Amino acid sequence: MSLRSPRRRSPRVDVIPLIDVLMVLILFFLTSMQFQEVRALNVKLPKIDSAGSNKITNQLIVSVSKEGEYYLNGNKDNLEEIGQVMKASASLLKKPSVLVVADENVPLKHVTKVVDLCRSSGLDDFRLQSR
């Protein structure tokens with residue numbers, strides 16, 4: 001009989017369960033994250049407590065900056081050109097909806113011009129973006 005103690009194995013860290021847990025966490029955060037459309041125009045939207053979701057796929061986005069400049073889908077345009085695009089869009093089989101995005105400090109007259117343009121073009125499905 002030997003008085004020496006049995007040889008101990010050195011401790012080791014098993015990384016496979018750690019990788020499994022990290023993959024589950026990554027998948028959880030990717031599926032629960034809300035991706036928002038990035039807009040180049042810096043517009044501070046007004047807050048509306050009763051606002052709904054504006055996630056629409058078939059839409060025209062008309063933005064109005066603080067300075068009263070108009071943008072159609074991120075490109076600077078004037079009201080006449082935006083009106084021509086709206087009239088052409090209104091003749092399609094599936095009419096697009098219009099999302100009006102205006103800074104909270106924009107005078108109401110700029111927003112009403114866009115709304116009036118929507119109605120005169122035949123696009124009755126328009127929404128005002130808020131936060």
Side-chain angles (χ1 to χ4, degrees):
M1 227 164 117
S2 165
L3 295 176
R4 292 172 34 187
S5 64
R7 194 167 175 196
R8 291 187 178 186
R9 292 184 354 191
S10 62
R12 65 178 200 153
V13 176
D14 194 10
V15 290
I16 301 298
L18 179 64
I19 292 173
D20 289 341
V21 169
L22 287 177
M23 287 302 294
V24 168
L25 285 174
I26 289 171
L27 287 174
F28 171 74
F29 285 118
L30 283 177
T31 56
S32 65
M33 230 181 347
Q34 293 180 357
F35 294 102
Q36 295 182 352
E37 183 178 329
V38 177
R39 293 191 178 98
L41 184 62
N42 187 13
V43 173
K44 185 177 178 187
L45 299 172
K47 185 175 181 181
I48 300 174
D49 292 330
S50 63
S53 174
N54 285 321
K55 298 184 187 228
I56 305 168
T57 55
N58 185 22
Q59 70 180 356
L60 295 172
I61 301 174
V62 180
S63 304
V64 185
S65 68
K66 283 190 251 187
E67 294 79 26
E69 298 170 331
Y70 297 96
Y71 295 81
L72 178 63
N73 291 338
N75 300 318
K76 189 174 178 180
D77 257 328
N78 56 29
L79 276 179
E80 292 81 23
E81 292 176 5
I82 294 173
Q84 291 172 357
V85 171
M86 285 183 178
K87 285 179 185 175
S89 299
S91 64
L92 297 172
L93 290 176
K94 187 176 180 186
K95 292 183 183 181
S97 60
V98 178
L99 179 63
V100 181
V101 180
D103 191 273
E104 68 182 352
N105 296 322
V106 169
L108 185 60
K109 67 180 180 179
H110 295 299
V111 177
T112 54
K113 284 181 185 179
V114 174
V115 170
D116 188 45
L117 194 61
C118 292
R119 288 183 177 150
S120 65
S121 299
L123 296 175
D124 296 325
D125 184 16
F126 58 88
R127 294 187 169 107
L128 299 175
Q129 176 73 43
S130 62
R131 52 182 161 110

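Throughout, residue positions are numbered sequentially from 1 according to the sequence presented. In this text, all values refer to a predicted model and were calculated from it rather than measured experimentally.
For Lys76, the salt bridge (charged side-chain N to carboxylate O under 4.0 Å, His left out) criterion is met by Glu69, not counting sequence neighbours. For Gln84, there are no side chain to side chain contact (heavy atoms under 4.5 Å, CB included) partners at least two apart in sequence or on another chain. Considering only residues two or more places apart in sequence or on other chains, Glu67 meets the side chain to side chain donor-acceptor pair (under 3.5 Å) condition with Ser65.
For the atom pair OG (Ser63) and CG (Asn75), the distance works out to 10.0 Å, reported to the nearest 0.5 Å. Going from atom CD1 of Ile16 over to atom CD1 of Ile19 covers 5.0 Å, rounded to the nearest 0.5 Å.
For the side chain to side chain donor-acceptor pair (under 3.5 Å) condition, no pair includes a residue of residues 10-29, sequence neighbours left out.
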### Message
Could you go through Met86 and Leu60, starting from their C-alpha distance and side-chain angles, then the distance that decides it, and tell me whether this counts as side-chain contact (heavy atoms from CB on, under 4.5 Å)?
### Response
CA-CA 8 Å; Met86 285 183 178; Leu60 295 172; 4.2 Å; yes

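Minimum heavy-atom separation, Ser121 to Gly83: OG-O, 3.8 Å.
Residues Leu18 make up the rest of the hydrophobic cluster containing Leu22, defined by ILVMFWY side-chain heavy atoms closer than 4.5 Å, directly or through other members.
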Pairs under 3.5 angstrom only: tabulate donor-acceptor contacts from the side chains of residues 108-116 to other protein residues two or more places apart or in another chain.
residue : atom : partner : partner atom : Å
His110  : ND1  : Tyr70   : OH           : 3.0
Thr112  : OG1  : Leu108  : O            : 3.2
Thr112  : OG1  : Lys109  : O            : 2.9

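Remark: side-chain polar atoms of Lys95 are paired, donor with acceptor, to backbone N or O of Gly122 under 3.5 angstrom.
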